[in-house]
There are 2 protein chains.
Amino acid sequence: MTQEGGLIAKKLNTFVRLSEREQECLAELQSTSVHLPQGKELISQGDRRHDAYILQSGWGCSFKLLSNGGRQIITFAIPGDCIGLRSVLLRTADHSFSALTDAVVSRVAVSQMMSIFAEFPHLGAAILWATSRDEAVVVEHLASLGRRDALERTAHFFLELHDRLRLVGLAKNAEFACPLSQYLLADALGLSAIHINRVLRQLRERELLTFHDHKVVVHDAERLKALAGYEQPEDSPIVDRDLDAHKHRS
Amino acid sequence: MTQEGGLIAKKLNTFVRLSEREQECLAELQSTSVHLPQGKELISQGDRRHDAYILQSGWGCSFKLLSNGGRQIITFAIPGDCIGLRSVLLRTADHSFSALTDAVVSRVAVSQMMSIFAEFPHLGAAILWATSRDEAVVVEHLASLGRRDALERTAHFFLELHDRLRLVGLAKNAEFACPLSQYLLADALGLSAIHINRVLRQLRERELLTFHDHKVVVHDAERLKALAGYEQPEDSPIVDRDLDAHKHRS
DNA sequence: CGACGCTTTGACACAACTCAACAACCGTGG
DNA sequence: CCACGGTTGTTGAGTTGTGTCAAAGCGTCG
């Protein structure tokens with residue numbers, strides 16, 4: 001509910017309860033905001049060194065351009081997500097990021113990130129948790145591309161997106177706004193746009209899910225989950241004792 | 001060359017030069033070693049809480065079992081790799097890990113990991129770098145599954161594996177030992193074992209690469225890279241100044 | 001020796017791709 | 001106001017890459 005510290009604070013609070021000072025630290029990180037027009041490329045594959053960002057509002061996507069002419073979207077970024085955190089330590093960016101809608105981001109320098117770990121290890125751990133969760137999403141995505149057919153894959157994608165949006169309060173129970181085109185879905189799911197269209201029709205005809213007019217409606221979550229082989233992630237907070245264990249050692 | 005600190009030290013040294021004390025710290029982490037027989041499952045999908053490990057010798061793989069009966073191998077682990085580091089903070093393991101050959105690992109508790117970040121931030125950053133690099137591999141893998149055909153995908157896989165093995169000194173210039181079966185390749189590359197066989201034959205007939213008798217020989221690296229659209233990762237060390245920047249701030 | 005795991009090959013089936021055409025829906029400018 | 005081009009969505013017909021099924025070859029090991 002509290003917006004102090006932005007949507008990322010809301011997300012991290014799911015993991016560990018953040019103290020006043022940690023909330024403030026998060027809020028400070030996001031004090032300067034940059035506006036990105038739709039289509040703007042924030043990070044480009046091959047950039048020599050880049051910062052990380054926190055997405056305040058709008059949607060984006062990180063993707064790779066392949067030498068065979070294809071494009072693979074790694075993940076869509078929604079408000080409250082960290083951008084480029086994974087690759088700040090790499091010498092060159094291994095992927096691009098661009099804004100899919102008008103968006104607002106806050107820049108976070110590598111040095112700021114390092115300070116957080118030094119001064120607020122608790123908050124640092126929460127950020128690492130969010131990063132782990134993001135990577136778990138990427139890994140699920142990988143499994144989808146490798147071993148699920150088009151229908152399962154598409155169903156799984158929307159269920160996952162739904163859960164992520166819920167974490168930051170951007171989805172109602174069975175419905176959410178979704179500014180993606182069928183071309184974008186295709187590049188994310190490793191299919192052709194034409195086939196995505198056919199799959200969406202099937203989902204609609206089976207009365208499982210509707211994707212229309214930038215809005216997704218889940219009509220039968222249970223059957224959809226069964227079809228996709230979807231397993232709910234566990235977002236319950238872990239006990240703080242686990243994180244602080246190292247203080248009491250040796 | 002120096003084996004102190006194990007193969008992981010060799011790998012991390014590519015990133016930043018580690019001090020004596022940091023080397024010692026790494027060596028201490030690996031002081032206790034556990035032997036894993038071939039096929040042993042070290043981490044199982046759904047485990048409630050698990051530690052991280054460092055793989056000393058042998059090969060392993062992390063994978064997901066899907067409800068549709070399929071299996072997707074996320075990544076193969078080779079000596080010097082961290083295992084399960086990505087998901088230590090998650091409440092339940094999102095994937096399994098098992099030993100593909102007889103193997104030796106060292107267990108690293110979460111609390112030990114946290115202490116490293118507190119006491120040896122430099123070393124912690126090096127570990128984060130290795131983690132980032134591993135994730136970059138996963139992301140490339142994702143792009144392969146989504147947007148490369150069977151031939152490109154297989155070629156790309158072997159080139160990447162070759163580079164990873166070189167980082168820990170386990171590959172000669174054009175040749176390396178590889179204890180994988182065609183079934184394992186299939187589950188990693190999202191293909192059927194039968195089709196993998198056809199692809200391998202094609203690579204052999206085109207005199208690009210041979211996979212036989214647990215040994216891979218690269219016959220024409222240049223043409224293979226062109227076919228796969230492979231881009232060499234940059235492993236040059238970044239300047240230490242970047243990492244230490246936060247010490248001199250505010 | 002036979003049993004088993006892994007590899008290899010052929011014939012056929014099917015999921016997903018490509019090409020081509022058209023329909024709906026914009027915002028823009030005449 | 002309507003005509004317009006551009007983008008996105010929809011559908012059909014034919015092609016192709018990859019999966020499935022079946023069977024045989026070959027090491028290895030008990």
Side-chain angles (χ1 to χ4, degrees), chain A residues 37-39 59 61 66 68-73 98 100-102 144-157 177-206 209-217 227-228, chain B residues 37-39 59 61 66 68-73 98 100-102 144-157 178-206 209-216 227-228:
Chain A
Q38 176 177 26
W59 288 43
C61 71
L66 273 50
N68 62 13
R71 173 173 80 148
Q72 178 64 47
I73 291 178
S98 66
L100 295 175
T101 66
D102 285 349
S144 274
L145 294 177
R147 285 295 187 229
R148 284 195 253 256
D149 66 26
L151 201 63
E152 298 170 331
R153 204 183 293 178
T154 308
H156 196 280
F157 169 80
C178 176
L180 306 177
S181 71
Q182 297 186 357
Y183 287 90
L184 287 167
L185 288 177
D187 278 345
L189 297 177
L191 301 166
S192 67
I194 291 168
H195 200 61
I196 281 284
N197 184 289
R198 291 192 260 254
V199 168
L200 289 175
R201 172 167 33 141
Q202 246 197 296
L203 289 173
R204 192 185 334 124
E205 284 171 354
R206 293 202 201 176
L209 177 145
T210 318
F211 175 82
H212 183 62
D213 198 28
H214 292 174
K215 204 174 68 181
V216 173
V217 183
L227 167 65
Chain B
Q38 177 176 27
W59 288 44
C61 71
L66 272 49
N68 62 13
R71 173 172 81 149
Q72 178 63 47
I73 292 178
S98 66
L100 295 175
T101 66
D102 285 349
S144 275
L145 294 177
R147 286 295 185 226
R148 284 194 253 256
D149 67 25
L151 201 63
E152 297 171 331
R153 202 183 295 180
T154 308
H156 196 280
F157 169 80
C178 175
L180 305 176
S181 72
Q182 297 187 359
Y183 286 93
L184 287 167
L185 288 177
D187 279 343
L189 298 177
L191 301 166
S192 67
I194 290 167
H195 200 61
I196 281 285
N197 185 286
R198 293 192 266 250
V199 168
L200 289 176
R201 172 168 31 139
Q202 245 197 297
L203 289 173
R204 190 186 334 124
E205 284 172 354
R206 293 203 202 174
L209 177 144
T210 318
F211 175 82
H212 183 63
D213 198 28
H214 292 172
K215 204 174 69 182
V216 173
L227 167 65

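Hydrogens, waters and symmetry mates play no part in the numbers below; they use all other heavy atoms, side chains included. Chain letters run A, B, ... following the sequence lines, proteins first, then strands; residues in each count from 1.
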Sugar-phosphate only, base, or nothing, as touched by B/I194 at under 4.0 Å among non-hydrogen atoms: base
Nearest-Å distance for atom pair CD/P, residues B/E152 and D/dG17: 12 Å
Between C/dC6 (P) and B/L180 (CG): distance, integer Å: 12 Å
Test item: A/R71 side-chain N/O and A/A188 main-chain N/O as donor-acceptor pair under 3.5 Å: no
Atom pair distance, as rounded to whole Å: CD1 in A/I196 and P in D/dT8: 15 Å
Gap between atoms CG and P, on B/D213 and C/dT7 respectively (whole Å): 11 Å
Whole-Å distance separating the CG atom of B/D187 from the P atom of D/dG19: 11 Å
A/L203 vs A/F211 side-chain heavy atoms within contact, under 4.5 Å: no
Flag, side chain of B/D213 to backbone of B/K215, donor-acceptor distance under 3.5 Å: no
Sugar-phosphate, base or nothing in reach of B/S192, heavy atoms under 4.0 Å: base
Side-chain donor or acceptor of A/D102 paired with backbone N/O of A/Q38 under 3.5 Å: yes
Distance test, side-chain N/O of A/R201 to OP1/OP2 of D/dT10, below 4.0 Å: no
Distance-only donor-acceptor test (3.5 Å): side chain A/R198, base C/dT18: yes
Between C1' of C/dC22 and CG of A/N197, the distance in whole Å: 13 Å
Sugar-phosphate, base or nothing in reach of A/L200, heavy atoms under 4.0 Å: nothing
Between B/H195 and B/R198: side-chain donor-acceptor atoms closer than 3.5 Å: yes
Rounded distance (Å) that lies between atom C1' of D/dT8 and atom NE2 of A/H214: 9 Å
Closest listed nucleotide, where the reference is the side chain of A/L191 and the choices are D/dT18, C/dC17, D/dG9: C/dC17
Distance, rounded to the nearest Å, where A/H195 contributes NE2 and D/dT15 contributes C1': 15 Å
N or O in side chain of A/Q182 less than 4.0 angstrom from D/dT10 OP1/OP2: yes
